[in-house]
Amino acid sequence: MSNEHYAIEMLNITKRFPGIIANDNITLQLKTGEIHALLGENGAGKSTLMSVLFGLYQPEEGIIKKDGVEVSIRNPNDANALHIGMVHQHFKLVECFSVLDNIILGVEPTHMGFLQKAEAREKVLALSEKYGLHVDPDAMIEDITVGMQQRTEILKMLYRDNEILIFDEPTAVLTPQEIDELMEIMRGLAREGKSILFISHKLNEIMSVADRCTVLRKGKYVGTVNVADTTKEELSRMMVGRDVEFVVHKDPAKPTDVVLNVEHMTVASKMHSNNAVKDVSFKVRRGEIVCIAGIDGNGQTELVYGISGLEPLKTGKLELCGKDITKAPIRKRNTSGMSHIPEDRHKHGLVLDYTLENNLVLQRYFEPEFTNKAGFLRKGNIRTYAERLIEQYDVRSGQGPITIARSMSGGNQQKAIVAREIDKDPELLIAVQPTRGLDVGAIEYIHKQIVAHRDAGNAVLLVSLELDEVMSLSDRILVMYEGEIVGELDPKKTTVEELGLYMAGAKRMEVQ
């Protein structure tokens, strides 16, 4: 096949960071009008490779060609000039601007120095009609759903006449219905001749939407396959290097005593005047995994902040193992048997400029094992402890225990937090999005750890947006919608569709 059929070629790209080669001689070829998936474990180098294409990083070796001609991409403006656009995993939108203002930001049409919004609006409406991206141009970003924000990001690329569209983990925050809509939108874009690069961990999505798939492992190129000729199992084997179990094996729950008792809890909202959590009551017992399911932004975050002590309660009462902890400080909750895998690993999970070993003892450094009577840290013990956890949880980093946390890939940062929180052997483990952004191999391992923690007679409160995870890991599901619990479901007796209806607020039951 001659070069003119490739919209983009990344040839022999090598990108190094301290102690690690993120991309080791990788070649990726994107055909015009195809949806090309990029698959790999955490830290395999997918986001790094796309950041090179988008001009956020400069490679040490290798070249990039567009339509057969070598190009230089020094920054994202160069990428935009070459009609390369990117929807990032965490959207880059201005919350207090309207949808229309976000779309035209940086390329505003002006005449004699005056903003010409009318023609911009016409163009946006025409694009949204053509591609089935229905948005309200006048709505404020802070008032719209995550799915709508994503459509805004896609329209931002189309408004700039981008031909190469990079989607970085685009479904991480969407509901099942929104994911189906996004897949349909992506197919429509490809039919119109756009070329799409789609980074994903989710094999079902790749199987349903991609034409070809390139797999990376530990920074190296493994191969490119036609999706029609492969299977989920084959892709996961290429990605992880071994067979992976997709099913969570667990015995039925045998719940006993109540560990966490939440009564009439109300938590204020930071965003607007009404409360984020409204008069919520539930219990979590030893030997069960209770999952709070819901679409992002329905009060789950504030609920966890209230329980873990990051936010005060407006009203209500919290008991942990029979003790009132409603007003207890965070360290008291930690030492009384609570662990918390937080939703935002950078903000609440890690001190990014500390070493990995210091992050692993953050909540325990004051224990006699890690601090001597004179108050000095026992560095040897900390190192030994860190090495055990790194080994056990397969935390990959350039320089082992002394790696600075900031330099690790997101998935490995996540593994470090999970290792630290489960290893404390808490009576209550609060796991918020514990596998967000992790690959199938790491998900399998963390799910096993969570089930083992339950089977050892502890309580687990899981908060997840991943419906597969909700269905396979939980013993009971509580659905949150607009700050209230609107349903209690048994994962063995419900369907993903029914769960979706509760999550969207289309269905509710009176919960006792």
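These numbers come from the heavy atoms of this one structure, side chains and all, not from hydrogens, waters or symmetry mates. Just so you know, residue 1 is the first one in the sequence shown, and it goes up from there.
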**Q** Is the shortest side-chain heavy-atom distance between Leu189 and Leu165 below 4.5 Å?
**A** yes
**Q** For a 4.5 angstrom cut-off between non-hydrogen side-chain atoms, does Val432 reach Ile341?
**A** no
**Q** Between Tyr385 and Tyr365, does the ring centroid distance fall short of 6.0 Å?
**A** no
**Q** Within a radius of less than 6.0 Å around CZ of Phe54, do more than 12 heavy atoms belonging to other residues, nucleotides or ligands occur?
**A** yes
**Q** Is it the case that the side chain of Glu288 and the backbone of Arg285 share a donor-acceptor pair, with hydrogens and angles ignored and the cut-off at 3.5 Å?
**A** yes
**Q** Looking only at atom types and distance, does a side-chain atom of His453 sit under 3.5 Å from a main-chain N or O of Pro426, one as donor and one as acceptor?
**A** yes
**Q** List in chain and number order the residues that pass salt bridge (charged side-chain N to carboxylate O under 4.0 Å, His left out) with Glu369, two or more places apart in sequence or in another chain; answer none if no residue qualifies.
**A** none
**Q** Kindly compute the distance separating SG (Cys213) from CG (Leu39), expressed to the nearest 0.5 Å.
**A** 4.5 Å
**Q** What's the separation between atom CD1 in Ile382 and atom CG in Leu377, rounded to the nearest 0.5 Å?
**A** 4.5 Å
**Q** Take a 6.0 Å sphere around NZ of Lys327 and say whether it holds more than 12 heavy atoms from other residues, nucleotides or ligands.
**A** no
**Q** Got Leu362 and Tyr354 here, is their nearest side-chain heavy-atom distance under 4.5 Å?
**A** yes
**Q** Sequence neighbours excluded, which residues qualify as side chain to side chain donor-acceptor pair (under 3.5 Å) partners of Glu421?
**A** Ser339, Gln363
**Q** What's the spacing between Asn261 CG and Cys321 SG if we round to 0.5 Å?
**A** 11.5 Å
**Q** Answer with yes or no after comparing the ring centroid distance for Tyr305 and His340 against a 6.0 Å cut-off, counting only values under it.
**A** no
**Q** Measure from NZ or CZ of Arg331 to the centre of the six-membered ring of Phe366, then state whether that distance is under 6.0 Å and the direction lies within 45° of the axis.
**A** yes
**Q** Lys314: which residues meet the side chain to side chain donor-acceptor pair (under 3.5 Å) condition with it, sequence neighbours left out?
**A** Asn275
**Q** May I ask you to say whether Asp101 pairs ionically with Lys117, meaning some side-chain N is under 4.0 Å from a carboxylate O?
**A** yes
**Q** Verify salt bridge (charged side-chain N to carboxylate O under 4.0 Å, His left out) between Lys250 and Asp475, making sure each step is shown before the conclusion.
**A** CA-CA 10 Å; Lys250 65 187 200 344; Asp475 300 311; 3.4 Å; yes
**Q** Could you grab the distance from atom NZ of Lys156 to atom CG of Leu158, nearest 0.5 Å is fine?
**A** 12.0 Å
**Q** Are any of the side-chain heavy atoms of Leu478 and Cys291 separated by less than 4.5 Å?
**A** no
**Q** Indicate yes or no: at least one non-hydrogen side-chain atom of Leu197 is less than 4.5 angstrom from one of Phe167.
**A** no
**Q** Would you say that Asn162 contacts Asn80 through its side chain, given a criterion of any heavy-atom pair below 4.5 Å between the two side chains?
**A** yes
**Q** Apply the test side-chain hydrogen bond (donor to acceptor under 3.5 Å, both in side chains) to residues His447 and Glu469: give CA-CA distance (whole Å), side-chain angles for both, the deciding distance (0.1 Å), then the verdict.
**A** CA-CA 9 Å; His447 283 173; Glu469 180 166 80; 2.7 Å; yes
**Q** Leu318 and side chain to side chain contact (heavy atoms under 4.5 Å, CB included): which single residue from Glu263, Lys323, Met265 fits?
**A** Met265
**Q** Taking the side chain as every heavy atom from C-beta outward, state whether Arg396 and Glu41 have any pair of such atoms under 4.5 Å apart.
**A** yes
**Q** Checking Lys278 against Glu484 for the salt bridge (charged side-chain N to carboxylate O under 4.0 Å, His left out) test, could you report, in this order, the C-alpha distance in whole Å, the side-chain angles of both residues, the deciding distance, and whether it holds?
**A** CA-CA 6 Å; Lys278 302 167 188 160; Glu484 298 176 275; 5.2 Å; no
**Q** CD/Gln300 to CD/Gln433 distance, rounded to the nearest 0.5 angstrom?
**A** 8.5 Å
**Q** Measure from the ring center of Tyr393 to the ring center of Tyr445 and say whether it is less than 6.0 Å.
**A** yes
**Q** Give, for atom NZ of Lys317 and atom OG of Ser281, the distance between the pair rounded to the nearest 0.5 Å.
**A** 11.5 Å
**Q** State, with a plain yes or no, whether a side-chain heavy atom of Val451 is found less than 4.5 Å away from one of Val248.
**A** yes
